[in-house]
*Asks:* 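Here's a structure for you.
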Amino acid sequence: MVTIPATAVQTGADTLVAGLECFNLDLTLGCGQAFRWQKTGVGAWHGVAFGLALDISQSGEGLLLKNTAEAQYESVWKRYFGLDTDYAALCARLGRDGGLRQAVEASPGIRILRQEPWETLCSFILSQNNNIPRVTGIVRRLCECFGEPLGHGDFAFPAAERLAALEPEALEPLRAGYRASYLLDAARKAASGELDLRELESLSTCEARVRLTAVRGVGRKVADCTLLYGFGRLEVVPVDVWMRRVLREMYPAGLPACAGDCGGVAQQYLFHWRRSAGHPRP
DNA sequence: TGCCAGGATGATG
DNA sequence: CATCATCATGGC
């Protein structure tokens, strides 16, 4: 099998990426791993990451990043969207197992994003026992209230230092419920250095989990989501009670060997597959 | 109205 | 180690 390399070409102010395999923008941004993207049309989204606003769309031509230089695509968005990873080979490998093949074929093109660690941690703290539309609203209000304005109504995700200086009452407009106090605890620990997110890069998954779960409201699931979606640790498999039952039922001996060190990717496909119609939660 | 949402926590079988 | 009530809020 020949892997077709993607090519990024700047035309005017925009950059067009053609030749992408196994990439579906709608599925990737809509599957619940990121909460800062708004669908603006067919295959078109507007969102903010790393303090940069972006209009992006996918069509038969490829992936179009508006007002984005190729250099910025290469240095920021390529990595963010996981386009520096060979998912064609990865998905082909996952497909060696029947169950995983079903899951991959059901919604091909989902990629694991590499978001900002701090934003990822906060997002999944806020997502606990919550639904995606509501989490999106809370995160949006959080950015509008405390993030740096980027123009055109866009706001960066607020720094930990900014949130750490707030009184609990200041978070009431977010309507985050009891999760607000968890958010403040994370901000205090991140701002004081008690939680050093940059240091996590150099730690083992096990040690990183211990650091993250020292934050109130951060358990195994939120820690693993942070490591998978915020640090690109594709081997980490976030599971809740429901997903654990699904996995025990399908793979009592663990994920098949073809998943290799990308169990998190396999889990993402399984989750999306089982959650879609026909495989409701018990 | 009642139920649910990619949970964590603390207590209890 | 599995299960359970509780937490606060909005959408359906």
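We name chains A, B, ... by the order of the sequence lines, and we start the count at 1 in each one.
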*Asks:* I'd like the P distance from dG6(B) over to dA2(C), given in whole Å.
*Replies:*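 Taking atom P in both dA2(C) and dG6(B), they lie 23 Å apart.
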*Asks:* Which atoms of nucleotides 8-12 of chain C (N or O only) lie under 3.5 Å from a protein N or O atom, and what are those distances?
*Replies:*
| from | atom 1 | to | atom 2 | distance (Å) |
| --- | --- | --- | --- | --- |
| dA8(C) | O4' | Tyr178(A) | N | 3.3 |
| dT9(C) | O4' | Arg134(A) | NH2 | 3.0 |
| dT9(C) | O2 | Arg134(A) | NH1 | 2.5 |
| dG10(C) | OP1 | Arg175(A) | NH1 | 3.2 |

*Asks:* In whole Å, I'd like the distance from the CE atom of Met243(A) to the P atom of dG7(B).
*Replies:*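 These atoms are roughly 13 Å apart.
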*Asks:* What does Glu172(A) touch in the nucleic acid at a heavy-atom separation under 4.0 angstrom: a base, only the sugar-phosphate, or nothing?
*Replies:*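 Nothing, no heavy atom under 4.0 Å.
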*Asks:* Under a 4.5 Å cut-off applied to non-hydrogen side-chain atoms, are Phe23(A) and Val17(A) in contact?
*Replies:*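 With C-beta onward as the side chain, the pair stays apart.
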*Asks:* Using whole Å, what does the distance between atom C1' of nucleotide dA5(B) and atom CZ of Phe35(A) come to?
*Replies:*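 Rounding to the nearest Å, CZ of Phe35(A) and C1' of dA5(B) are 11 Å apart.
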*Asks:* Between Tyr178(A) and Asn129(A), is there a side-chain heavy-atom distance shorter than 4.5 Å?
*Replies:*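 The answer is yes; the side chains approach within 4.5 Å.
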*Asks:* Kindly indicate whether the side chain of Leu195(A), heavy atoms from C-beta on, has any atom under 4.5 Å from the side chain of Arg211(A).
*Replies:*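 Leu195(A) reaches Arg211(A) side chain to side chain.
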*Asks:* Does some side-chain heavy atom of Phe35(A) sit less than 4.5 Å from a side-chain heavy atom of Ile138(A)?
*Replies:*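 Counting from C-beta outward, Ile138(A) and Phe35(A) never come under 4.5 Å.
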*Asks:* Nucleotide by nucleotide, 5' to 3', does protein get under 4.0 Å of the base (B), only the sugar-phosphate (S), or neither (-) in nucleotides 8-13 of chain B, counting heavy atoms?
*Replies:* SSS---
*Asks:* Can you spot which of Leu234(A), Thr205(A), Val222(A), Leu121(A) makes a side-chain contact (heavy atoms from CB on, under 4.5 Å) with Leu227(A)?
*Replies:*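 Checked Leu234(A), Thr205(A), Val222(A), Leu121(A) against Leu227(A); only one passes side-chain contact (heavy atoms from CB on, under 4.5 Å): Thr205(A).
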*Asks:* Run the side-chain contact (heavy atoms from CB on, under 4.5 Å) check on Asp185(A) and Ile125(A) step by step: do they pass?
*Replies:* CA-CA 11 Å; Asp185(A) 188 58; Ile125(A) 285 175; over 6 Å; no
*Asks:* What's the gap between dG2(B) and dT6(C) when it is taken at their P atoms, as a whole Å value?
*Replies:*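 Between the two P atoms, the distance is 16 Å.
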*Asks:* What integer distance in Å separates Ile138(A):CD1 from dG6(B):P?
*Replies:*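 Taking CD1 of Ile138(A) and P of dG6(B), I get 12 Å after rounding.
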*Asks:* Give Ile125(A) one of three labels, base, sugar-phosphate or nothing, depending on what nucleic acid heavy atoms sit under 4.0 Å from its own.
*Replies:*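 Nothing, no nucleic acid heavy atom in range.
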*Asks:* Assess whether side-chain contact (heavy atoms from CB on, under 4.5 Å) is satisfied between Asp26(A) and Trp45(A), documenting all intermediate values.
*Replies:* CA-CA 8 Å; Asp26(A) 285 347; Trp45(A) 297 75; 2.7 Å; yes
*Asks:* Locate the shortest heavy-atom distance separating Val237(A) from Asp224(A); write the atom from each residue and the value.
*Replies:*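 That closest heavy-atom pairing would be O-OD2, 3.8 Å.
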*Asks:* Report the secondary structure of DNA chain C in dot-bracket form, marking unpaired bases with a dot and bases paired to a different strand with |, and treating Watson-Crick or G-U pairs with both distances under 3.5 Å as paired.
*Replies:* |||||||.||||
*Asks:* Whole angstroms only, please: what is the CG-C1' distance between Leu212(A) and dG7(B)?
*Replies:*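 To the nearest whole Å, that distance equals 15 Å.
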*Asks:* Once you round it to whole Å, what is the distance between C1' of dG6(B) and CD of Gln267(A)?
*Replies:*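 In whole Å, dG6(B) C1' and Gln267(A) CD are 8 Å from each other.
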*Asks:* What is the separation between atom CG on Leu247(A) and atom P on dA2(C), rounded to the nearest whole Å?
*Replies:*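 Between P of dA2(C) and CG of Leu247(A): 13 Å.
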*Asks:* Applying the side chain to side chain donor-acceptor pair (under 3.5 Å) criterion to Tyr229(A), which one of Glu119(A), Gln268(A), Arg114(A) satisfies it?
*Replies:*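 The side chain to side chain donor-acceptor pair (under 3.5 Å) with Tyr229(A) is passed solely by Gln268(A) among Glu119(A), Gln268(A), Arg114(A).
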*Asks:* Rounding to an integer number of angstrom, what distance separates dG10(C) and dA8(B) when you compare their P atoms?
*Replies:*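 One P to the other, the span is 22 Å.
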*Asks:* Indicate the atoms forming the closest heavy-atom contact of Arg162(A) with Phe146(A), along with that distance.
*Replies:*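 The answer is NH1-O, 3.3 Å.
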*Asks:* So Tyr80(A) and Trp77(A), would you call those rings parallel, tilted or perpendicular, with 30° and 60° as cut-offs?
*Replies:*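 It falls in the perpendicular class, over 60°.
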